[in-house]
Amino acid sequence: MKPLLIKLKRIGRSPGFQAPAYMSHGASGMDLHAALEAPVSLAPGARELIPCGFSMEIPEGYEAQVRPRSGLAIKYGVTCLNSPGTIDHDYRGEIKVILANFGQELFAIQAGDRIAQMVIQKVERAAIELVDEIEATARGEGGFGSTGH
């Protein structure tokens, strides 16, 4: 099967720049790296927009989703806000990640650190039809824990 081609354009000359890459044969997401000129300290409760040093061209009909790395979340309490973050196929700006520190300690981000992962997904566009009634279900309007724990 031929892989989907994503064109990348490097932005700036940060020493931390690394192109997104799959870290194992079965990985669904490509790791994103911090493209920093200087380390960033993320205090407990703080959030920061971390640049990745590239823009990209995603084919029409696809999106990129930015997701947290599980290791950062469990070890340090560091995660991505707005997750999954959607990158639309027509966006051409620099890819950046909103990192938040929910841990108890200061978290240092160095140039080149793996900070998130990016998954490429096919997107279906929907047509909206305004109607007076929608089909009833057994669940009805039950939400927010209504189906169990």
Side-chain angles (χ1 to χ4, degrees), residues 1-9 11 16 18-36 39-110 112-149:
M1 183 164 134
K2 186 178 176 183
L4 183 70
L5 179 64
I6 305 292
K7 296 179 181 178
L8 241 60
K9 178 183 173 187
I11 296 173
Q18 291 184 47
Y22 295 104
M23 300 309 287
S24 73
H25 175 73
S28 298
M30 294 177 260
D31 280 359
L32 296 177
H33 301 263
L36 299 170
V40 171
S41 293
L42 196 57
R47 60 188 176 274
E48 188 78 35
L49 192 59
I50 306 296
C52 293
F54 69 93
S55 58
M56 63 184 172
E57 185 177 322
I58 302 169
E60 187 170 359
Y62 292 85
E63 68 165 338
Q65 295 180 357
V66 177
R67 302 176 181 181
R69 293 191 64 237
S70 59
L72 291 182
I74 191 65
K75 292 177 188 173
Y76 307 104
V78 173
T79 191
C80 299
L81 290 182
N82 190 40
S83 181
T86 296
I87 303 168
D88 297 310
H89 92 89
D90 58 350
Y91 175 69
R92 294 296 186 266
E94 183 173 8
I95 304 306
K96 298 178 181 180
V97 176
I98 306 169
L99 284 186
N101 184 355
F102 291 106
Q104 311 275 317
E105 311 273 328
L106 187 72
F107 183 76
I109 306 161
Q110 306 290 331
D113 281 356
R114 296 183 297 159
I115 56 169
Q117 57 184 323
M118 179 174 69
V119 175
I120 306 298
Q121 291 286 313
K122 190 152 185 56
V123 174
E124 295 291 332
R125 298 217 16 132
I128 303 297
E129 178 184 0
L130 188 59
V131 298
D132 293 327
E133 295 292 326
I134 57 175
E135 182 180 326
T137 65
R139 182 176 179 179
E141 294 182 19
F144 300 100
S146 67
T147 61
H149 302 293

Would you call [X] and [Y] a side-chain contact if the rule is heavy atoms closer than 4.5 Å?
| X | Y | answer |
| --- | --- | --- |
| L4 | P59 | yes |
| H89 | V123 | no |
| E48 | L99 | no |
| S55 | I11 | yes |
| V66 | S83 | no |
| F107 | V40 | no |

Report the residues that fulfil side chain to side chain contact (heavy atoms under 4.5 Å, CB included) with [X], sequence neighbours left out, ordered by chain and then residue number.
| X | answer |
| --- | --- |
| S28 | none |
| L106 | S41, A43 |
| F102 | T79, L81, A100 |
| A108 | Q110 |

- Can you list the residues that meet the salt bridge (Lys or Arg N to Asp or Glu O under 4.0 Å) rule with R114, with sequence neighbours excluded? D31
For the student: nearest non-hydrogen atoms of [X] and [Y], plus distance:
| X | Y | result |
| --- | --- | --- |
| P44 | G103 | CB-O, 3.4 Å |
| L72 | I115 | CD1-O, 3.8 Å |
| L49 | I98 | CD1-CG1, 3.7 Å |

- Message: side chain to side chain contact (heavy atoms under 4.5 Å, CB included) for Q18 and L32? Distances and angles first, verdict last.
- Response: CA-CA 8 Å; Q18 291 184 47; L32 296 177; over 6 Å; no
- Does atom OH of Y91 have more than 12 heavy-atom neighbours from other groups under 6.0 Å away?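 Above 12, so yes.
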- Task: For the pair M56 and L8, evaluate side chain to side chain contact (heavy atoms under 4.5 Å, CB included) and give the outcome as yes or no after the intermediate values.
- Result: CA-CA 4 Å; M56 63 184 172; L8 241 60; 3.7 Å; yes
- Query: Under the side chain to side chain contact (heavy atoms under 4.5 Å, CB included) criterion, do K7 and L5 qualify, and how do the steps go?
  - Reply: CA-CA 6 Å; K7 296 179 181 178; L5 179 64; 4.2 Å; yes
- side-chain hydrogen bond (donor to acceptor under 3.5 Å, both in side chains) partners of residues 93-105, not counting sequence neighbours, each pair once: none
- Item | Partner residues of F54 under the ring-ring contact (aromatic ring centres under 6.0 Å, His included) criterion, sequence neighbours left out | none
- Sequence neighbours left out, what passes side-chain hydrogen bond (donor to acceptor under 3.5 Å, both in side chains) with R69? Give chain and number order.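 Per chain and number, R69 pairs via side-chain hydrogen bond (donor to acceptor under 3.5 Å, both in side chains) with no residue.
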- Item | Residue list, side-chain hydrogen bond (donor to acceptor under 3.5 Å, both in side chains) with Q65, at least two apart or on another chain | E63, R67
- Test log, rule side chain to side chain contact (heavy atoms under 4.5 Å, CB included), inputs I6 and Y62: CA-CA 10 Å; I6 305 292; Y62 292 85; over 6 Å; no
- Query: Hey, what do you get for CG (D113) to CD1 (I50), rounding to the nearest 0.5 Å?
  - Reply: 9.5 Å
- Task: To the nearest 0.5 angstrom, please state how far the CE atom of M118 sits from the CD1 atom of I58.
- Result: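 Spacing of CE (M118) from CD1 (I58) equals 7.0 Å.
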